[in-house]
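Notes follow the structure.
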There are 2 protein chains.
Amino acid sequence: MTTKCADCPLRRQELFDRMTEDEVRVMQRFKVGELKVDSGTPLLMEGSNSPQLFTALRGMGLRSKLLSDGRRQVVNLVLPGDFIGLQAALMSEMGHSVEATTAMTLCVFDRSEFWSFFRDNPRRAFAISWLAAVEEHFLGDALTTLGQRTALQAVAWALIKVFSRGQHLDLVHKNRMPFPYRQQDIADALGLSLVHTNRTLKQLRERQLVSWQDGELVVIDPQKLADVAMVESIELVTRPLV
Amino acid sequence: MTTKCADCPLRRQELFDRMTEDEVRVMQRFKVGELKVDSGTPLLMEGSNSPQLFTALRGMGLRSKLLSDGRRQVVNLVLPGDFIGLQAALMSEMGHSVEATTAMTLCVFDRSEFWSFFRDNPRRAFAISWLAAVEEHFLGDALTTLGQRTALQAVAWALIKVFSRGQHLDLVHKNRMPFPYRQQDIADALGLSLVHTNRTLKQLRERQLVSWQDGELVVIDPQKLADVAMVESIELVTRPLV
DNA sequence: CGATGGATTGAGTCAGGTCAAGGTTTGTGG
DNA sequence: CCACAAACCTTGACCTGACTCAATCCATCG
């Protein structure tokens with residue numbers, strides 16, 4: 001039994017823009033099913049032209065690129081509400097791979113329907129472009145982190161960033177949120193070695209800013225962490241859900 | 001006297017997708033004028049909500065973000081055909097600043113017309129989203145460069161990337177293209193210090209791969225340069241022009 | 001109970017950073 | 001036409017943040 005878009009638990013969160021009933025109907029028609037995958041499952045491959053597009057409903061994942069010599073760059077994390085396959089939909093090739101880090105539930109859309117969906121629903125089309133622009137914005141920030149921040153600032157930046165996303169998704173309870181990634185994932189996201197990432201986390205722990213163990217992230221003082229990260233504002237911007 | 005979209009010199013280049021006559025008319029209606037600026041002129045500021053959007057017609061520029069302590073990250077270069085202000089159009093705030101490096105000529109569009117333009121012209125809307133996706137793709141590559149490549153590979157990557165863009169724009173003649181940036185710009189783009197960028201360029205020069213002086217970039221052996229950069233393919237993907 | 005995947009820590013090295021000093025070119029005012 | 005300044009490029013010397021290599025520890029699991 002798949003979740004009806006009308007009953008979508010995500011749409012209720014304040015993070016996501018309100019949708020008209022019409023839009024909900026349109027989404028429901030576009031949605032062809034639901035997919036449940038185990039942790040570790042690859043969802044899309046870099047360079048592939050997937051026939052399916054997804055929206056993460058439950059669970060977490062990550063987007064990454066592989067270099068020919070095996071080095072890996074984690075491009076972003078995937079959290080509930082994230083649209084997966086935008087590049088495949090618009091261009092026709094993914095620029096990165098996506099895999100499930102935890103078990104995930106995904107809404108499935110049919111890529112072949114994408115163009116008519118886009119053409120006939122300008123408001124939804126705009127929402128999709130909006131998502132692309134947000135991702136571009138995020139990647140600009142990430143680039144700045146890798147290029148300009150020190151390891152300490154970078155790790156702090158990454159953690160405050162996910163934590164803030166977690167807050168908006170109601171994943172945070174009493175400063176705690178589930179964070180099922182490995183240190184290697186964060187290292188690969190920040191262009192740091194595993195060892196140095198580990199030492200840097202230790203430093204943040206000793207400074208009483210964060211602790212991260214057993215898949216749980218605890219941010220003791222978000223503001224102080226943001227200061228270390230040199231992040232100016234952590235404001236809520238509502239976003240469309242697709 | 002402004003350039004008519006019908007006579008747009010860019011549209012003729014094979015890099016850009018063909019447009020229907022109807023699309024050209026629509027673009028012409030959306031275009032409100034032309035802007036000429038001197039080198040060094042700021043075009044859009046990070047965080048601003050510009051009333052104007054642009055397409056670069058002639059000249060080069062760059063996109064950058066500033067950190068609160070003055071460090072700068074160059075996010076991308078701006079070459080003819082690039083759309084400027086996408087983020088302002090879709091979200092309502094730029095994630096980076098844009099400035100002219102050389103004198104530039106820009107097509108000017110009215111942001112307040114953007115939504116109706118987007119709504120009434122799904123094919124053009126799709127083209128815009130396509131551009132956003134391409135930018136996202138590029139930024140993923142750039143992130144991988146900063147995160148995983150060595151300084152030598154990174155500089156090689158940056159140079160082969162612009163050179164390849166230059167080729168598609170007919171800026172290259174006999175392996176030479178205009179390249180009006182400062183070494184500091186490239187350093188800021190790659191998260192390297194100026195000094196190290198300079199030494200790295202020297203190495204590439206000594207290896208007979210590239211030379212760059214007096215605002216002119218000469219790539220002696222593109223394939224070898226791509227090898228150093230660990231770039232697999234440098235293929236032509238046509239793109240829409242807005 | 002050994003095997004496997006992750007986290008942690010120590011020791012030594014190096015890629016890339018910082019500091020500092022010229023060199024060149026271009027533009028400007030006297 | 002020259003002197004001076006400003007902007008950029010280049011090189012040397014030295015330093016350090018982050019990397020690599022290598023153990024060790026700890027859970028989980030078949």
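Source: prediction; values computed, not measured. Numbered from 1 within each chain, the chains take letters A, B, ... in sequence-line order.
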Could you tell me from which nucleotide to which nucleotide of DNA chain C, 5' to 3', there is an atom under 4.0 Å from chain B heavy atoms? dG16(C) to dC19(C)
To the nearest 10°, let me know how far the axis at one end of the helix from dC1(C)-dG30(D) to dG30(C)-dC1(D) is tilted from the axis at the other, five pairs an end. 30°
Which value, rounded to the nearest 0.5 Å, describes the distance between [X] atom [atom1] and [Y] atom [atom2]?
| X | Y | atom1 | atom2 | answer |
| --- | --- | --- | --- | --- |
| I84(B) | Q52(B) | CD1 | CD | 12.0 Å |
| N76(B) | H96(B) | CG | NE2 | 8.0 Å |
| L57(A) | D82(A) | CG | CG | 12.0 Å |
| L86(A) | M91(A) | CG | CE | 9.0 Å |

Interface with DNA chain D, restricted to residues 184-197 of chain B and to heavy atoms under 4.0 Å: V195(B)
Expected list for residues 214-222 of chain B: side-chain donor-acceptor pairs under 3.5 angstrom, two or more places apart:
residue : atom : partner : partner atom : Å
E216(B) : OE1  : R176(B) : NH1          : 2.6
D221(B) : OD1  : Q223(B) : N            : 3.2
D221(B) : OD1  : K224(B) : N            : 3.1

In whole angstrom, what separates N198(B)'s CG from dG12(D)'s C1'? 12 Å
Integer-rounded Å distance: dT10(D) C1' and W212(B) CH2: 14 Å
Does R199(B) or A151(A) map to a spot on DNA chain D nearer the 5' end, using the closest nucleotide for each? R199(B)
Under the 3.5 angstrom rule, does the side chain of E34(A) hit a backbone N or O of V108(A) as a donor-acceptor pair? no
So does C107(B) get a backbone contact from the side chain of T55(B), meaning a donor-acceptor N/O pair under 3.5 Å? no
How would you list all residue pairs meeting salt bridge (Lys or Arg N to Asp or Glu O under 4.0 Å) that involve residues 131-149 of chain A, not counting sequence neighbours? D141(A)-K161(A), D141(A)-K65(B)
With under 30° as parallel and over 60° as perpendicular, where do the rings of F109(A) and F83(A) fit, or are they tilted in between? tilted
Residue list, salt bridge (charged side-chain N to carboxylate O under 4.0 Å, His left out) with D188(A), at least two apart or on another chain: R72(A)
What residues 59-73 of chain A contributes to the DNA chain C interface at heavy-atom separation below 4.0 Å is none
Residue pairs, two or more places apart or on separate chains, that pass side-chain hydrogen bond (donor to acceptor under 3.5 Å, both in side chains) and touch residues 39-51 of chain B: N49(B)-R111(B)
Qualifying residues under side-chain hydrogen bond (donor to acceptor under 3.5 Å, both in side chains), relative to R199(B), sequence neighbours excluded: none
ring-ring contact (aromatic ring centres under 6.0 Å, His included) contacts touching residues 134-155 of chain A (sequence neighbours left out): F138(A)-W157(A)
For nucleotides 23-30 of chain D, just jot down a letter per nucleotide in 5' to 3' order: B, S or -, based on protein non-hydrogen atoms under 4.0 Å. --------
For atom CE of M230(A), is the number of surrounding heavy atoms from other residues, nucleotides or ligands below 6.0 Å larger than 12? yes
With heavy atoms under 4.0 Å as the rule, sort T200(A) into base, sugar-phosphate or nothing. nothing
Kindly write out the residues that satisfy ring pair (Phe, Tyr, Trp, His ring centres under 6.0 Å) with F163(B), not counting sequence neighbours, or none if the list is empty. none
